[in-house]
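Both ligands and their constituent atoms are indexed starting at 1 by order of listing.
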Amino acid sequence: MKEVKEPEQKPSPPKKPLIFYYCVALVVLMLLNALFFPTVLERQVYEVPYSQFLTMVDNDQVSEVALDEDSREIVFIGTDENGREGYYKTGVWPDDGQRLLSQLREDPDIVFTAEIPTQANPILAFLVSWILPIFLFVLIGQLLSRWMVKRMGGGMPGGMGNAMTFGKANAKIYVEEASTGVSFADVAGQDEAKDALMEVVDFLHEPQKYTEIGAKLPKGVLLVGPPGTGKTLLAKAVAGEAKVPFFSISGSEFVEMFVGMGAAKVRDLFKQAGEKAPCIVFIDEIDAIGKKRDTGGYGGNDEREQTLNQLLAEMDGFDSSKGVVLLAATNRPESLDPALMRPGRFDRRVRVELPDLQGRVAILKVHGRHVHVDADVDWAAIARATAGASGAELANIVNEGALRAVRQGRKTVTQADLEESVETVIAGAQRKNAVISPEEKKLVSYHEVGHALVAALQTHSAPVTKITIIPRTSGALGYTMQVDQGERNLMSRAELVNKIATLTGGRAAEELIFGPDNITTGASNDIEQATKLARAMITRYGMTEQFDMVALETVNNQYLGDDASLACSAETAAEIDRQVVDTVKAAHRKALDLLKEHQDQLHKLAGYLLEKETITGEEFMALLQNG
Ligand code: ADP
Ligand code: MG
Ligand code: ZN
């Protein structure tokens with residue numbers, strides 16, 4: 001699989017972490033302390049005992065004395081034995097200190113002052129101890145707030161917005177083709193979507209071609225489709241092809257903690273886009289902000305509603321002839337606010353559906369370009385086996401195949417690698433050391449052959465291509481693979497009934513061979529699928545006499561799983577349940593009858609499978625026809 005490189009961003013001023021500024025401030029303070037305070041701000045003052053003071057007075061070593069009445073300290077200037085002058089300080093003077101001092105006052109050699117300043121430079125001291133800290137405080141505060149704004153990237157309502165650059169939308173801007181590295185050639189099997197988007201690109205290249213005729217381009221194009229079908233990839237391809245500035249932002253990036261910030265981001269995004277026109281604005285996963293507003297439930301969501309309102313307002317506000325085209329992608333179109341889809345907003349909807357057979361071949365080939373594959377790899381066979389797979393899953397299959405080749409020390413990817421990775425994606429990896437008793441293995445063989453035989457004995461069933469009893473990490477102890485030869489879009493009632501019978505075939509074989517008391521839990525997945533199909537036949541496909549073409553269920557989300565909710569009365573629901581049971585029961589009986597009739601073949605095939613562990617569709621058919 002090809003890694004889509006993250007496009008380069010426009011360089012932004014480097015952000016330094018908060019701790020950096022703290023460290024700078026700390027170092028500055030420490031330097032000041034170490035350098036200035038002892039020498040410049042304060043003189044070195046020696047503390048000496050009172051007795052030494054007296055001795056120095058006696059020795060005429062004291063020249064100036066000051067008394068601090070409050071702290072009862074004596075500060076004096078004296079000279080030591082070497083004749084060096086210094087500042088001295090003694091502790092509290094004793095009770096007779098007053099007497100001593102009055103005596104000192106009479107000494108003509110000693111100057112008696114009120115205060116001996118120990119600070120060398122009072123003005124500098126004042127600056128350093130009062131002004132500098134305040135200055136540092138303000139500086140740190142400023143840096144801090146700048147940093148916070150950058151971090152949050154959010155907006156604040158009101159005038160502060162402009163002054164402090166609040167409310168910047170941190171949309172990534174891709175400018176040149178080289179920056180996304182994705183072109184339309186990288187997107188396979190989505191020809192309609194590509195055509196629609198190509199028109200947009202063309203308009204941005206040659207707007208006059210359209211304006212001459214008087215044609216207006218849609219303002220917004222909404223890409224809808226199941227996950228993994230290439231919506232984001234398509235948008236990147238548009239960016240790669242358009243050669244105009246491309247703003248890309250995810251819907252969830254508008255969701256902010258504070259009310260009004262998301263709206264400010266929307267404003268900013270459109271302001272930037274307006275300045276850079278012609279350009280494209282892409283909002284991925286737009287359902288994050290575009291959800292219906294009147295959902296009731298747990299109170300309103302003011303922030304989201306404001307953001308959406310702002311988006312709607314901006315979409316009305318800009319003029320598409322200026323060349324700003326809005327792209328958006330979602331896999332939940334039904335949850336979007338209808339206002340978003342109204343003409344003049346996202347007026348064009350591009351469906352990005354699951355790929356069909358041809359599409360799958362094309363996607364496999366696109367991803368196969370980037371790995372070394374054997375010349376004889378049959379992509380079509382892989383595509384047939386992967387009905388319903390999305391582009392992302394197919395990309396994954398190719399990559400898994402390549403990984404398997406590497407594990408086995410080969411230089412190219414073979415068909416077997418790809419087939420194995422299809423199975424890995426469908427059923428999980430092989431569980432090499434799973435412990436399975438011989439009895440269980442035998443039962444699983446009969447179960448799987450039961451499925452295969454019922455499928456083969458009915459018309460309107462997809463041919464069996466593989467049966468295996470190698471356990472998988474998904475928990476399956478074996479499985480039967482059926483692959484349609486061509487592309488299937490519709491299924492007839494007969495096919496559905498047969499499919500349910502095939503699903504019940506595994507359990508039917510267990511019953512027939514091992515007796516009703518020895519049936520196992522191995523059929524749980526079959527049961528689930530059979531029930532789902534039977535129910536859908538009744539509630540959604542209108543395939544019963546009784547309910548005719550009445551929709552009894554509504555599908556909640558067309559792209560994310562097929563969960564549906566019943567839309568009928570309780571009595572109808574009970575009747576539906578009865579019919580589901582009848583349908584599955586009938587299919588089960590049919591499977592049981594078929595297997596009973598062909599019990600010899602069942603034994604023979606199950607024995608063969610038990611021995612081989614995996615048999616191909618051809619082997620299976622050969623044995624079936626000869627037996
Ligand atoms: P979405 O946004 O629809 O959920 P993405 O665009 O993110 O899906 O697709 C995920 C990946 O799947 C892509 O990066 C690409 O590798 C692969 N892929 C999906 N669809 C296609 C496609 N049509 N052609 C080629 N690759 C595809
Ligand atoms: Mg996506
Ligand atoms: Zn089964």
Side-chain angles (χ1 to χ4, degrees), residues 1-6 180-194 197 223-239 248 250-252 282-288 327-332 350-356 358-370 389-399 427 443-455 467-469 472 475-482 500-510 519-530 559-560 588 591:
M1 184 175 71
K2 191 199 157 204
E3 260 294 300
V4 177
K5 270 185 263 114
E6 260 306 306
T180 66
V182 180
S183 69
F184 277 136
D186 292 310
V187 189
Q190 298 292 356
D191 295 335
E192 296 80 10
K194 274 203 278 190
L197 292 173
L223 300 168
V224 298
T229 45
K231 298 182 294 298
T232 307
L233 189 71
L234 267 167
K236 282 185 180 167
V238 170
S248 167
S250 166
S252 60
F282 174 51
I283 306 177
D284 206 356
E285 314 287 350
I286 196 173
D287 44 289
L327 285 185
T330 180
N331 42 34
R332 321 192 45 172
V350 172
R351 288 179 173 273
V352 187
E353 296 286 353
L354 288 171
D356 56 10
Q358 273 187 345
R360 289 198 298 277
V361 175
I363 293 173
L364 285 168
K365 280 184 178 158
V366 160
H367 289 280
R369 277 198 323 231
H370 305 289
S390 69
E393 281 166 324
L394 294 171
N396 189 25
I397 284 171
V398 174
N399 191 49
L443 185 125
V444 174
S445 303
Y446 276 99
H447 179 108
E448 295 308 331
V449 172
H451 284 306
L453 209 51
V454 172
I467 315 170
T468 170
I469 54 168
R472 295 275 159 176
L477 295 180
Y479 68 89
T480 305
M481 210 162 124
Q482 284 173 272
I500 297 173
T502 304
L503 284 166
T504 59
R507 164 61 67 79
E510 289 181 34
I519 56 175
T520 67
T521 52
S524 61
N525 186 38
D526 301 333
I527 290 170
E528 199 183 311
Q529 283 190 48
Y559 293 130
L560 303 174
H588 187 181

| said: If you round to 10 degrees, what value do you get for the angle at the Zn ion (ligand 3) between H451 atom NE2 and H447 atom NE2? | reply: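 An angle of 90° at the metal.
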Strictly distance-based, threshold 3.5 Å: is any side-chain N or O of [X] a donor or acceptor partner for the main-chain N or O of [Y]?
| X | Y | answer |
| --- | --- | --- |
| K194 | G189 | no |
| R507 | T521 | no |
| K231 | V352 | no |
| T229 | E353 | no |
| E510 | T520 | yes |

| request: Evaluate whether atom CD of Q529 has more than 12 neighbouring non-hydrogen atoms of other residues, nucleotides or ligands under 6.0 angstrom away. | output: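 Yes, because the 6.0 Å sphere around CD of Q529 holds more than 12 heavy atoms from other groups.
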Considering non-hydrogen atoms only, spot the tightest contact between [X] and [Y] and give its length.
| X | Y | answer |
| --- | --- | --- |
| A237 | V187 | CB-CG2, 4.0 Å |
| G225 | N331 | O-CB, 3.0 Å |
| F184 | L197 | CZ-CB, 4.0 Å |
| T502 | H451 | O-ND1, 2.7 Å |
| V454 | A591 | CG2-CB, 4.0 Å |

Within the 4.0 Å heavy-atom shell around [X], which atoms of ligand 1 are there?
| X | result |
| --- | --- |
| Q190 | 23 (N) |
| T232 | 2 (O), 6 (O), 7 (O) |
| V187 | 23 (N), 24 (N) |
| A188 | 22 (C), 23 (N), 24 (N), 25 (C) |

Would [X] count as a contact of ligand 1 if the rule is a heavy atom under 4.0 Å away?
| X | value |
| --- | --- |
| D186 | yes |
| G189 | no |
| H367 | yes |

| field | By salt bridge (charged side-chain N to carboxylate O under 4.0 Å, His left out) - contacts of R472 (at least two apart) | value |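 Once residues adjacent in sequence are excluded, the partners of R472 under the salt bridge (charged side-chain N to carboxylate O under 4.0 Å, His left out) criterion are E420, E423.
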| Polar protein atoms near the Mg ion (ligand 2) [N, O or S; cut-off under 2.8 Å] |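 Within the sphere that stays under 2.8 Å of the Mg ion (ligand 2), the protein atoms of type N, O or S are T232 OG1.
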N or O pair under 3.5 Å between [X] and ligand 1:
| X | result |
| --- | --- |
| L233 | yes |
| P227 | no |
| I363 | no |

| Looking just at side-chain N and O atoms, do T480 and E448 make a donor-acceptor pair shorter than 3.5 Å? |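 Indeed, the side chains of T480 and E448 share at least one donor-acceptor pair under 3.5 Å.
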| request: Ignoring hydrogens, just give me the one of A392, G391, G230 whose non-hydrogen atom is nearest atom 11 (C) of ligand 1. | output: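 Of the listed residues, A392 has the closest heavy atom.
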| request: Ignoring hydrogens, just give me the one of L354, T229, V224 whose non-hydrogen atom is nearest atom 20 (N) of ligand 1. | output: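 Of the listed residues, T229 has the closest heavy atom.
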| message | Can you tell me which portion of K231 lies within the under-4.0 Å heavy-atom range of ligand 1? Options are side chain, backbone, both, or neither. | response |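 K231 to ligand 1: contacts from backbone and side chain alike.
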| request: Pick one of side chain, backbone, both or neither for how L394 approaches ligand 1, counting any non-hydrogen atom pair under 4.0 Å. | output: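 Contact part for L394 vs ligand 1: neither.
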| Salt-bridged, R369 to D186, with N to O below 4.0 Å? |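 Looking at R369 and D186, the cut-off is met.
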| message | Any N/O/S atom, side chain or main chain, of D526 closer to the Zn ion (ligand 3) than 2.8 Å? | response |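 Yes, since at least one N, O or S atom of D526 sits under 2.8 Å from the Zn ion (ligand 3).
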